[in-house]
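Working notes, beginning with the structure itself.
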Amino acid sequence: MEKLILLIALLFSACHVSFSITDGLLPNGDFELGPKSSQLKGSLVTSHNAIPNWTISGLVEYIKSGQKQGDMLLVVPEGTYAVRLGNEASIKQKVQLVKGRFYSLTLSAARTCAQEEKLNISVEPSIEKSDWGVFPIQTMYGSNGWDSYACGFIADYSEMEIVIHNPGLEEDPSCGPLIDSVALRVLNTPTRTRANLLKNGDFEEGPYVFPNASWGVLIPPNIEDAHSPLPGWMVESLKAVKYIDSDHFTIPNGKRAIELVAGKESAIAQEVITTIGKFYELTFDLGDANNSCEGSMIVEAFAGRDTIQVPYKSKGKGGFISGKLRFKAMRRRTRIRFLSTFYTMKIDGSLCGPVIDNIKLLSVRYPTLVS
């Protein structure tokens, strides 16, 4: 009887964990649990609830790593299985959340047939009418054909449904992006301190990074994501920036940093309250991620109308230097902005760029400076 009670307690505990994930994969988020053979027609999934923990609609395929599509070999980045979304197809899963908390969602995706593929990520129901993000996956940043993407959202309800949708219409209905590894992370709201007027200047607060993924996480431009999964910062450029971790890259400080992977089209910004006429000092670290990204790099830092260019010669083996910009505030709100002057590519053709980290802003007194 005692063993039975213990077993029941363990089962309830396991169920509780599966419905209260705050930092990790969704239940069957890697799709390793698949349909029964009777629910498959080749690779096509024939039942809307055939994939455990997921509901599907439209043409969805269950793909095994190494599966051939014409002359192309389909590769799954983690594990053995992934799903492919055909024209107007979607997968969705209900999750238990803490109402009012801020979450980030990370997923890995790859394009297959088409050159211009997109993913529409939404969380339903939502109070906001436009609380969804579109990820264009035409530009691939990873060298293996896969990238991880992140978006953020506010939990308006305690139970919501995560929907991953392919809005594309291709001539071949079986074409469409591959999806693998879907995870959630609760994000804390960073605050300004006496030691730093910027929020999350060390980038330690950000989206979930898959432990076995060595390519980082792309954070989409602000125009494509209403809630940035990088608290305190907005990606105000046309292309994404990459969120990287110290387990897979060399980072100047702490465990997380940002790689500016698309030249001037890859920029982050933050607005901070300043006192008109007062002097401030903006400091930051820049370097390379030890990922074979070689060449001459320049990081441009902006504080309102003031700017500085800091050059860095990368050998692709790690290392960093420090930059500093002193300025006089001309407005009550000053926009702090960082971008990379040049595009940089690795030998394999994948995009890369300088790493920035440890960004600090402090008010200072410079009696020798004149207005």
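Scope of the values below: all heavy atoms of this structure, side chains included, with no hydrogens, waters or symmetry mates. One is the number of the first residue; the rest follow in order along the sequence.
Looking at Leu33 and Ile51, their side chains never come closer than 4.5 Å, going by heavy atoms from C-beta outward. Under the 4.5 Å side-chain criterion, counting only non-hydrogen atoms from C-beta, Leu119 is in contact with Leu85. With a 4.5 Å cut-off on side-chain heavy atoms, Phe153 and Ile121 do not count as touching. Counting only heavy atoms from C-beta outward, the side chains of Pro252 and Asn358 never approach each other to under 4.5 Å. Counting only heavy atoms from C-beta outward, the side chains of Leu282 and Ile359 approach each other to under 4.5 Å. No side-chain heavy atom of Leu351 sits less than 4.5 Å from a side-chain heavy atom of Lys239. Counting heavy atoms from C-beta on, the side chains of Glu124 and Val163 come closer than 4.5 Å. Looking at Asn291 and Glu259, their side chains come closer than 4.5 Å, going by heavy atoms from C-beta outward.
Residue Tyr103 holds its OH atom at 10.0 Å from CD1 of Ile154, rounded to the nearest 0.5 Å. To the nearest 0.5 Å, atoms SG (Cys151) and OH (Tyr149) are separated by 12.5 Å. The OG1 atom of Thr55 lies 6.5 Å from the CG atom of Asn49; values are rounded to the nearest 0.5 Å. The line from CG of Leu325 to OG1 of Thr307 is 7.0 Å long, rounded to the nearest 0.5 Å. Ile258 contributes atom CD1, which lies 4.5 Å from atom CD1 of Ile219 (distance to the nearest 0.5 angstrom). A distance of 10.0 Å separates OH of Tyr81 from CD of Gln67, quoted to the nearest 0.5 Å.
Here Ser148 pairs with Ser108, Trp215 under the side-chain hydrogen bond (donor to acceptor under 3.5 Å, both in side chains) rule; sequence neighbours left out. Residues meeting the side chain to side chain contact (heavy atoms under 4.5 Å, CB included) test with Ser214, sequence neighbours left out: His248. Remark: Arg305 pairs with Arg331 by the side chain to side chain contact (heavy atoms under 4.5 Å, CB included) rule, at least two apart or across chains. The side-chain hydrogen bond (donor to acceptor under 3.5 Å, both in side chains) test applied to Tyr62 returns no partner, not counting sequence neighbours.
Defined by atom type and a distance below 3.5 Å, a donor-acceptor pair is present between the side-chain atoms of Asp285 and Ser322. For Asn188 and Arg101, the side-chain atoms include at least one donor-acceptor pair closer than 3.5 Å.
Within a 6.0 Å sphere centred on CZ of Arg333, other residues, nucleotides and ligands contribute more than 12 heavy atoms. Atom CD1 of Ile347 has 12 or fewer neighbouring heavy atoms from other residues, nucleotides or ligands inside a 6.0 Å radius.
Here disulfide (SG to SG under 2.5 Å) pairs that include residues 296-344, with residues two or more places apart or in two chains, number zero. Listed by first then second residue, pairs satisfying disulfide (SG to SG under 2.5 Å) with a partner in residues 301-341 number zero, not counting sequence neighbours. Counting only residues at least two apart or in different chains, disulfide (SG to SG under 2.5 Å) contacts with residues 304-362 comprise Cys293-Cys352. Judged as a disulfide (SG to SG under 2.5 Å), not a single pair has a partner in residues 34-93 (not counting sequence neighbours). Among residue pairs with one or both ends in residues 78-90, those qualifying as salt bridge (Lys or Arg N to Asp or Glu O under 4.0 Å) are Glu61-Arg84; sequence neighbours excluded.
Counting only distance, with no hydrogens or angles, the side chain of Ser90 and the backbone of His165 share no donor-acceptor pair below 3.5 Å. In terms of modelled atom types and a separation under 3.5 Å, the side chain of Tyr208 and the main chain of Leu25 share no donor-acceptor contact. Under the 3.5 Å distance criterion, the side-chain polar atoms of Asn53 are left unmatched by any main-chain donor or acceptor of Gly29. Not one N or O on the side chain of Asp180 forms a donor-acceptor pair closer than 3.5 Å with the backbone of Ala82. The main-chain N or O of Leu361 is found under 3.5 Å from a side-chain atom of Asn196 such that the two form a donor-acceptor pair. Proximity of a side-chain donor or acceptor of Asn166 to a complementary backbone N or O of Gly176 within less than 3.5 Å is not detected. A donor-acceptor pair is defined here as one N or O able to donate and one able to accept, closer than 3.5 Å; no such pair exists between the side chain of Ser158 and the backbone of Leu97. Within the 3.5 Å criterion, the main-chain N or O of Ser47 finds no donor-acceptor partner in the side chain of Gln39. When atom types are taken as modelled, the side chain of Tyr312 and the backbone of Gly319 share a donor-acceptor pair closer than 3.5 angstrom.
Closest heavy-atom contact between Pro207 and Pro229: CD-O, 3.3 Å. Val76 and Gly79 get closest at one heavy-atom pair: CG1-O, 4.1 Å. Minimum interatomic distance between Gly318 and Asp288 (heavy atoms only, all atoms of both residues): N-OD2, 2.6 Å. Heavy-atom minimum distance, Asp156 versus Ile127: OD2-N, 2.9 Å. Closest heavy-atom contact between Pro52 and Gly34: CD-O, 3.7 Å. The heavy-atom pair separating Pro177 from Lys118 by the smallest distance is CG-O, 4.3 Å.
Here Leu59 is tied into one hydrophobic group with Leu44, each link being a pair of ILVMFWY side chains closer than 4.5 Å. Other members of the hydrophobic cluster containing Ile244, listed by chain and number, are Phe249, Ile251, Val355; membership follows side-chain contacts under 4.5 Å among ILVMFWY residues, whether direct or relayed.
Relative orientation of the Trp233 and Phe203 rings is tilted, given thresholds of 30° and 60° on the angle between their planes.
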Problem set entry | Criterion side-chain contact (heavy atoms from CB on, under 4.5 Å) on Phe31 and Ile179, from CA distance to verdict | CA-CA 9 Å; Phe31 303 102; Ile179 310 296; 4.2 Å; yes
For this session: For Leu26 and Trp54, run side-chain contact (heavy atoms from CB on, under 4.5 Å): C-alpha distance rounded to whole Å, both residues' side-chain angles, the deciding distance at 0.1 Å, then the answer.
Result: CA-CA 10 Å; Leu26 297 183; Trp54 295 93; 4.0 Å; yes
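Between Arg256 and Glu204 there is no salt bridge, since none of the side-chain N atoms of the basic residue sits less than 4.0 Å from a carboxylate O of the acidic one.
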Show every donor-acceptor pair shorter than 3.5 Å between a side-chain atom in residues 335-344 and any protein atom, with sequence neighbours excluded, or say none if there are none.
| unit_1 | atom_1 | unit_2 | atom_2 | d |
| --- | --- | --- | --- | --- |
| Arg335 | NH1 | Glu236 | OE1 | 2.7 |
| Arg335 | NH2 | Glu271 | OE2 | 3.2 |
| Arg337 | NE | Glu236 | OE2 | 2.1 |
| Ser340 | OG | Phe342 | O | 3.1 |
| Thr341 | OG1 | Ile298 | O | 3.4 |
| Thr341 | OG1 | Glu300 | OE2 | 2.7 |
| Tyr343 | OH | Glu265 | OE1 | 2.0 |

